[in-house]
Amino acid sequence: MNASIELVNLRKAYGKFLAVNDLSLTVPAGTVFGLLGPNGAGKTTTIRMMMDIIAPDSGEVRFSSRPRTRADLERVGYLPEERGLYRKMTVFDHLVFLGELHGVARRASAPEITDWLDRVGLADAGKKKIEELSKGMQQKVQLIGTLLHDPEIVILDEPFSGLDPINQGLFKDVLAEYRRRGKTILFSTHVMEQAEKLCDALALISGGKVILSGGMQEIKNRYGGLAYRLVASGDLDGLAEVEGIESSGLHDGYARMLLSENTDPAELLRRLVEAYDVQEFRSDAPTLEEIFIAAVGEATAGEATGFQP
Amino acid sequence: MNGVTIIAKREYMARIKSKAFWLGTVAIPVLMAAWAILPSLILSKTKAEQRLAVVDRTETLSQGLADQLGGLAERTSNRVAFEIVDIDTSLPDDQLRVDLDRRVLDEEINAWVWIGADALESGTVEYHAESLSNFITQSALERALSRVARRERFSRAGYDAAAIEELSDSINLETVKVSEDGSQEEGGFGGFALAVGLFIILYTTTLIYGQQVMLGVLDEKSSRVVEVLASSVTPFELLTGKLAGIGMIGLTQLSIWLLTAILLTAPGLVAAVSFIPTGVNLPTISLAIGVHFILLFLLGYFLYSSFYAMVGSAFNNPQEAQQLASLAVIFIVLPWFFFMPVLNDPDSTLAVVTSLIPPFTPSLMMLRIATKAPPLWQVLLGYVLTTGTCFGMLWLSSRVYRVGILMYGKKPTFKELWRWIRYA
């Protein structure tokens, strides 16, 4: 079963500070969705409202096109940005407890826990107390706790912050597996490169507002994702005549081309190789970070966001 | 299982498995017993030694005093060993006094007693020593002197001193408690010990478990566990689950103590072991007292621990929380001031009024119930008022708690706390 998330006109103010300002977005079922933005953009507040940890001043959170209920949250795996475990509990007991909180009885969760601990290389740690584990091991336990009940929706707030490289790899593998299984995954991050590699779709938020959202490719196309760079010998003036190229311009030592939509770059390259002695052909698309800076610039031209006038 | 049960179960299991719980369960009664018994035990085993010089200007009392003090040594209850040092008393008074002072300073003697020529008429005798804090020694000496003086006065007035002494033997009260379920003989000391014991247990457990709730909340907050829990249970479920779990731990501990006490004081066992001296009546814990004790513990626990939970949720560490937490300590400790008056007259206006003030009801009502069954309406009124206050405190606490557990950073001001309470 697939579940989508819709946020409709969410708004949350802390005193005079408007943390989330009329925010609406849709996370399609079965996608990996990135909630991007700088620190203080309102990502955590938005996620907390999704999880019913704080109540919005106005607006609504919907799962699968119905208003979200407390019961729906049992199908969600949530990893908060600030996270911790009871230090005096054993790993196994702690995971059983987290399972119970999501409606999984000990009998059902026990074999799952053993499998998970095996998978992340903590097979012998079940009887150890949390405080005896290294930070990296605790992060693994935390991840297991989030996914133990096999949720339909996974919501991770800054999941990669503070992770060692091995755990980053583990988290990414697990996300990839969940994506294959058609689960809906939403995570927030302020590190654009991560989002670029992992997301199918994203929303950029700044000052509590969505300033850009959509599919990854669509956004890239919109912000010059169809730009390619060609280094070749021969007369490049006629490039614009080649089928599939919208326009082109000559620069020092290379040509920058804008492909027309629906052009397959591989097909184009084949045609170019026939006509020129191609030395280099690569995408000249802006990075997500560049897009983000451009979008924030457009959205906030002249006005300070976040504070009410 | 719902959220409250899961949280309560975790709190209970985490504590019942900890060494600290079992250590406390054993150590607290041992410490309490030690606190009650040791001082008198130590006192009874140690004897003060007092080397005394006596100057008797009446010429009639010193022999009697020597006999009295000598006779003391044979009594087991006596705590002072007197030794009278012979000195030359023929010197003039002024010189003699200086000489005696020097002997004290040279530690030849501990003290000297000056029985003036008019001692029998004036009723005073001088006692000179380097230290005057030895009350036990002084009162023993005073009693001995009084007896000797009394006997001498009787003789002078023409009475038979020995006969009078025999006739003026003191009377001991043999106390019998009257109660609804038929009168039963009971040592006054037993009833007193029971009342005091239950009062102290209620007061300490309320304090200990309240603090545990506060530290638990602070720990969840500072370790950020609460962030993980907050999505699965509501703050109210988290709060009530925590209070219930730790409350159950409290009940477990009290049950262990109560059962042990009942077993230890069971007549058969006492007879078998007979480690308790004959003549001491042990208090018996009736079912009614046991039930009141449990109910009053629960009321006191919920009242104070919900306050403690509120304090824990509002601050970031125990140091910050201490200021507000000490307010609870004041309320828990205040009944100590009413302890003696209530014990002495459980039906006095003071006792009735203070035992109906909700923060004091758990301990003071227990004290009254254990000493003399108060009128039913007062007990019921106490329960109703305290239960109401409990719910009020729980409501207040849950208001602050739901905001506080997710707030980090700077210590909130009272104004901010008030705003949290009023949030929708």
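Remember, predicted model here, so these are calculated numbers, not experimental data. Convention: sequence-line order gives letters A, B, ...; per-chain numbering from 1.
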Check the surroundings of atom [atom1] in [X]: do more than 12 heavy atoms from other residues, nucleotides or ligands lie under 6.0 Å from it?
X      : atom1 : answer
A:K88  : NZ    : no
A:Y14  : OH    : yes
A:E132 : CD    : yes
B:M248 : CE    : no
B:W418 : CH2   : no
B:Y383 : OH    : yes
B:I256 : CD1   : yes

Return the [atom1] to [atom2] distance between [X] and [Y], rounded to the nearest 0.5 Å.
X      : Y      : atom1 : atom2 : value
B:R402 : A:I54  : CZ    : CD1   : 12.5 Å
B:E227 : A:T44  : CD    : OG1   : 8.5 Å
A:D52  : B:T234 : CG    : OG1   : 9.0 Å

Run the side-chain donor-acceptor check on residues 22-31 of chain B: report pairs under 3.5 Å with partners two or more places apart or on a different chain.
{"from": "B:W22", "atom 1": "NE1", "to": "B:I16", "atom 2": "O", "distance (Å)": "2.8"}
{"from": "B:T25", "atom 1": "OG1", "to": "B:F21", "atom 2": "O", "distance (Å)": "2.7"}
{"from": "B:T25", "atom 1": "OG1", "to": "B:Q253", "atom 2": "NE2", "distance (Å)": "2.8"}

### Message
What verdict does the salt bridge (charged side-chain N to carboxylate O under 4.0 Å, His left out) test give for B:R10 and A:E100, after you've listed the backbone C-alpha separation in whole Å, the side-chain angles of each residue and the deciding distance to 0.1 Å?
### Response
CA-CA 10 Å; B:R10 197 211 72 83; A:E100 284 175 341; over 6 Å; no
### Task
Apply the test side-chain contact (heavy atoms from CB on, under 4.5 Å) to residues A:Y78 and B:V228: give CA-CA distance (whole Å), side-chain angles for both, the deciding distance (0.1 Å), then the verdict.
CA-CA 8 Å; A:Y78 167 62; B:V228 180; over 6 Å; no
### Message
With a strict 4.5 Å heavy-atom criterion, list every residue of residues 212-225 of chain B that contacts chain A, or say none.
### Response
B:D219, B:E220, B:S223, B:R224, B:V225
### Query
With respect to chain B, which residue among A:L73, A:D93, A:I53 yields the maximal number of heavy-atom pairs within a distance under 4.5 Å?
A:I53
### Task
Go through A:R70, A:M51, A:M89 and name the one with the most non-hydrogen pairs under 4.5 angstrom from chain B.
A:R70
### Query
Taking all atoms of both residues into account, what is the closest heavy-atom pair of A:H102 and B:S232, and its distance?
NE2-OG, 3.4 Å
### Query
So which heavy atom on B:E11 is nearest to which on A:Y86, and how close?
OE2-OH, 4.5 Å
### Message
When you compare the side chain of B:L406 with that of A:R48, does any pair of heavy atoms fall below 4.5 Å?
### Response
yes
### Engaged part of A:Q142 at the chain B interface, taking heavy atoms whose separation is under 4.5 Å
side chain
## Note on the structure
Turns out that what part of A:L98 lies under 4.5 Å from chain B's heavy atoms comes down to side chain
